[in-house]
Amino acid sequence: MPRNQNTASQRAREARRGAGTKYTLAFRTAASAAAGGSGGGRSKSFFMRELLAECSASSPWTGVHPALSAELVPNMYDSAFLGGPVPNTAVLTLGDMVSALGLSAALTLESRRGFFTANVACEGHRFQLSLDDDNAVVELCRHPACGNRPVAADYIPYCAPGHLAERAPDELTEMAFDWGAYRRTDPVRDAEDITPGHEGVLLVRTAVAQGAFASVADELVTGCFEFPDMVDQLYSGEKAQAVRDAMQREHRRLTEVAELAAAKIRKEAGGLCVCGAALLPNLEVPARFCSIRCATARQVRRSPR
Ligand SMILES: [Zn+2]
Ligand SMILES: [Zn+2]
């Protein structure tokens, strides 16, 4: 807006904007307290249907957004469930994202950072709503209180290397198959051109630390292509050979990835296990340990939550 167009509404907006800074801290504190910022009294859950009903029944919020100038503030309403004002579209987007879980999906407000973000847990999933954006909701790593994005929300739902590294070998193996099967649905690639992608590589690197390379790589390649004994039933002639070659190619590539990852771990550990024994190249053994027995004794294999 031109500077000389000093309308009443602009003056009011500028006054509010000027006051914004001093309000910021107060708003953050108040919203954080409303959300139980330090963790107290906020574990109450509510249903998606209740949140959507609140969103559709509430009147527009007309307060001062401390982080945005007035013309940029999205349509918001004051949500009792979400600890303060939230953009209507963020709530509707969240509803879309969890629609597969149904209107009876139970939600919990995990945390709220003033007028910036609200983290919501829903049936094992976690989402972050932007409170200074019109329509931004992202899925977060499933580990409670983690603010990172997952490797792939629907298939590898933890951040890497962080919380993915804490998952049990069986769970990594399951993720590997699911991720590979998803890669296989790529409509623009021929069957023999499928690859596990960067996400598959992250799974393999994580598996190395747990001595789970063999099962993770097998499931990843099977997911991407086919069970080895099914290739000839699904494909014939040159195509079947091309798929078999591709499976071998990916196995070799993933083995190289794993060997490099294991060598890096051994180097970081100075070549020695915590028990003092030498670390040897063996992808069957968790890379930081001299043997499966030594790793098990030190609980490297963690249980699923
Ligand atoms: Zn995480
Ligand atoms: Zn050892």
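No hydrogens, no waters, no symmetry mates; every other heavy atom, side chains included, goes into these values. In this chain, numbering begins with 1 at the start of the sequence shown. Both counts, for ligands and for their atoms, begin at 1 and track the order of listing.
With the Zn ion (ligand 1) as the vertex, atom SG of C141 and atom ND1 of H163 span an angle of 110° (nearest 10 degrees). Rounded to the nearest 10 degrees, the angle SG (C290) to the Zn ion (ligand 2) to SG (C275) equals 100°.
Among the atoms of C146, an N, O or S atom is found under 2.8 Å from the Zn ion (ligand 1).
A donor-acceptor pair under 3.5 Å links the side-chain atoms of R184 to the main chain of T222, judged by distance alone.
At least one side-chain heavy atom of Y182 sits under 4.5 Å from a side-chain heavy atom of T185.
Cluster annotation: V138 is not connected to M48 through the hydrophobic network of ILVMFWY side chains, with a link wherever side-chain heavy atoms come within less than 4.5 Å.
The aromatic rings of W61 and H65 sit perpendicular, their planes meeting at an angle over 60°, well past the 30° parallel limit.
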